[in-house]
Number of protein chains: 2
Amino acid sequence: MNIGDASEKTGLPAKTIRYYEDIKLVKPSRASNGYRDYADEDIHRLAFLQRSRSLGFTIEECRVLLSLYQDKDRASADVKALALEKVDEIDRKLKELKSLKSTLKSLADHCHGDDRPDCPIIDDLAAELAVKR
Amino acid sequence: MNIGDASEKTGLPAKTIRYYEDIKLVKPSRASNGYRDYADEDIHRLAFLQRSRSLGFTIEECRVLLSLYQDKDRASADVKALALEKVDEIDRKLKELKSLKSTLKSLADHCHGDDRPDCPIIDDLAAELAVKR
DNA sequence: GTAAGGCTTCCAGCAGCAGGAAGGTCAACA
DNA sequence: TGTTGACCTTCCTGCTGCTGGAAGCCTTAC
């Protein structure tokens, strides 16, 4: 199966698939004309990668997940730990974004937003200096 | 004022300050020995950058904000628009992260997480293929 | 005089690809 | 048989926003 079909089947751009080969996440064989030839197992791995990447796992985490996936004797606890760690990470990001949003929102709410130049947002951005002077 | 002091006053690493000069966000003068020499106005700009970056504005947005800051006649509406756009962006990210989290969480909740190899997380990551076959 | 710390420039690298150039290959059609 | 157009190949560059490190001045204190 050529890279175009692999791309269609997995939803990954061809560029990405070649990149994954570059960093040794997949190792497709080659046809006699030099084209990459994807077996079912390769497609499987690529689809796995697509799923785990879209769940927010980094490439290196995906590498671990793949090896856990390959290892028929691994404990499910190992996988669960990775997933929960990721949940924690997402939680931290959520908190950060929420506080960011409320700060920005309250700044914007206090700005009258018309054609006068007076603007509390800009004032706030510049304010820090006054404290430190 | 040397870069070290500028760093301390603004909370930005020296490396970052040099980078900001590289991309023309600040233009400090030079002392006779070749050292960068930061005037109050430079420090002001750097502090402004520190604040706006920490609020999640990209470098290019910061560039716009700085020019709006410099422009005494600009409408506050311009600034407000940028801020609100950013709030929207944050909202989109929040949504995405929330759904990501709930997916991961429910996957993890269904995994018994012991030393048996059976694991619904891995199964789910691999599941996509079955559909497409 | 010398040692420690600060400063300079320049080069490389991180994640995770995307875009593009230059060229080989294949299938279909005239 | 020739040719078009779609697909494939490799290789190189660039994106964001810095960070680390090497090699080499400058300054300050003892």
Side-chain angles (χ1 to χ4, degrees), chain A residues 1-39 42-43 45-66 86 89-90 93 96-97 100, chain B residues 1-39 42-43 45-66 86 89-90 93 96-97 100:
Chain A
M1 188 186 304
N2 282 353
I3 199 169
D5 303 322
S7 167
E8 210 172 326
K9 284 222 179 187
T10 60
L12 292 168
K15 280 274 185 188
T16 302
I17 297 180
R18 286 196 201 96
Y19 172 67
Y20 286 171
E21 181 177 352
D22 230 50
I23 60 173
K24 273 133 205 173
L25 283 174
V26 267
K27 288 128 192 154
S29 56
R30 297 287 176 135
S32 55
N33 58 7
Y35 285 17
R36 287 167 179 83
D37 185 16
Y38 295 89
D42 299 317
I43 301 296
R45 285 177 72 92
L46 287 172
F48 188 101
L49 284 167
Q50 195 281 323
R51 283 283 285 160
S52 37
R53 284 290 295 134
S54 78
L55 280 176
F57 290 100
T58 67
I59 293 280
E60 285 318 305
E61 285 164 343
C62 289
R63 208 185 287 279
V64 174
L65 282 172
L66 264 177
K86 210 68 200 170
E89 205 181 308
I90 293 174
K93 269 192 199 163
E96 214 178 310
L97 276 185
L100 211 60
Chain B
M1 187 186 304
N2 281 353
I3 199 168
D5 303 320
S7 167
E8 210 172 326
K9 284 223 178 186
T10 61
L12 292 168
K15 279 273 185 188
T16 302
I17 297 181
R18 285 195 202 97
Y19 172 67
Y20 286 171
E21 181 176 351
D22 232 49
I23 60 174
K24 274 134 205 175
L25 282 175
V26 268
K27 288 128 190 155
S29 55
R30 296 288 177 134
S32 55
N33 58 7
Y35 285 17
R36 287 168 180 83
D37 186 16
Y38 294 87
D42 299 319
I43 301 296
R45 285 176 74 91
L46 287 172
F48 187 101
L49 283 167
Q50 194 282 323
R51 282 283 284 160
S52 37
R53 283 291 296 135
S54 79
L55 281 176
F57 290 100
T58 67
I59 292 282
E60 286 316 306
E61 287 165 340
C62 289
R63 207 185 287 279
V64 174
L65 282 173
L66 265 177
K86 210 69 200 170
E89 204 181 308
I90 294 175
K93 270 194 198 162
E96 212 179 312
L97 275 184
L100 211 61

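This one's a predicted model, so the numbers in the text were calculated from it and none came from an experiment. Each chain gets a letter, A, B and so on, in the order the sequences are listed, and its residues count up from 1. Atoms considered below: every heavy atom in the structure, side chains included; atoms not considered: hydrogens, waters and symmetry mates.
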Checklist outcome for this item: To the nearest 10 degrees, the angle between the two end axes of the helix from dG1(C)-dC30(D) to dA30(C)-dT1(D) (five pairs per end) comes to 30°
What's the [atom1]-[atom2] distance between [X] and [N], to the nearest Å?
X	N	atom1	atom2	result
D22(A)	dT9(D)	CG	P	13 Å
E21(B)	dT9(C)	CD	C1'	12 Å
K24(A)	dA15(C)	NZ	P	14 Å
M1(B)	dG6(C)	CE	P	16 Å
D5(A)	dC8(D)	CG	C1'	12 Å
N2(A)	dG24(C)	CG	P	19 Å
I17(A)	dT9(D)	CD1	P	10 Å

Checklist entry - With side chains defined as the heavy atoms from C-beta onward, is the minimum distance between I59(B) and Y20(B) less than 4.5 Å? => result yes
Checklist outcome for this item: Residue set satisfying side-chain contact (heavy atoms from CB on, under 4.5 Å) with A39(A), at least two apart, ordered chain then number -> D42(A)
Checklist entry - Heavy atoms under 4.0 Å, any strand shown: does R18(A) hit a base, just sugar-phosphate, or nothing? => result base
Next on the checklist: What's I23(B) touching, base or sugar-phosphate or nothing? Going by heavy atoms closer than 4.0 Å.
Outcome noted: nothing
Item to check | Presence of R36(A) side-chain N/O under 4.0 Å of dC8(D) phosphate oxygens OP1/OP2 | outcome: no
Checklist entry - Can a side chain N or O of R30(B) be found less than 4.0 Å away from OP1 or OP2 on dT9(C)? => result yes
Checklist entry - Should E60(A) and R63(A) count as an ion pair when the cut-off is N to O under 4.0 Å? => result yes
Next on the checklist: Quick test of your reading of the model: are E89(A) and K86(A) salt-bridged, counting only N-O distances below 4.0 Å?
Outcome noted: yes
Item to check | Expected output: side-chain D37(B) to main-chain M1(B) donor-acceptor under 3.5 Å | outcome: yes
Next on the checklist: Treating N2(B) as the side-chain partner and G4(B) as the backbone partner, does any N or O pair qualify as donor plus acceptor under 3.5 Å?
Outcome noted: no
Checklist outcome for this item: Across all chains, not counting sequence neighbours, the side-chain hydrogen bond (donor to acceptor under 3.5 Å, both in side chains) partners of R36(A) are E21(A)
Checklist outcome for this item: Across all chains, not counting sequence neighbours, the side-chain hydrogen bond (donor to acceptor under 3.5 Å, both in side chains) partners of S54(B) are none
Next on the checklist: Using the ring-ring contact (aromatic ring centres under 6.0 Å, His included) criterion, which residues pair with F48(B)? Sequence neighbours excluded.
Outcome noted: Y69(B)
Checklist entry - Which parts of nucleotides 12-30 of chain D does protein reach within less than 4.0 Å, heavy atoms only, written one letter per nucleotide 5' to 3' as B for base, S for sugar-phosphate only and - for none? => result -----BBSBB----BS---
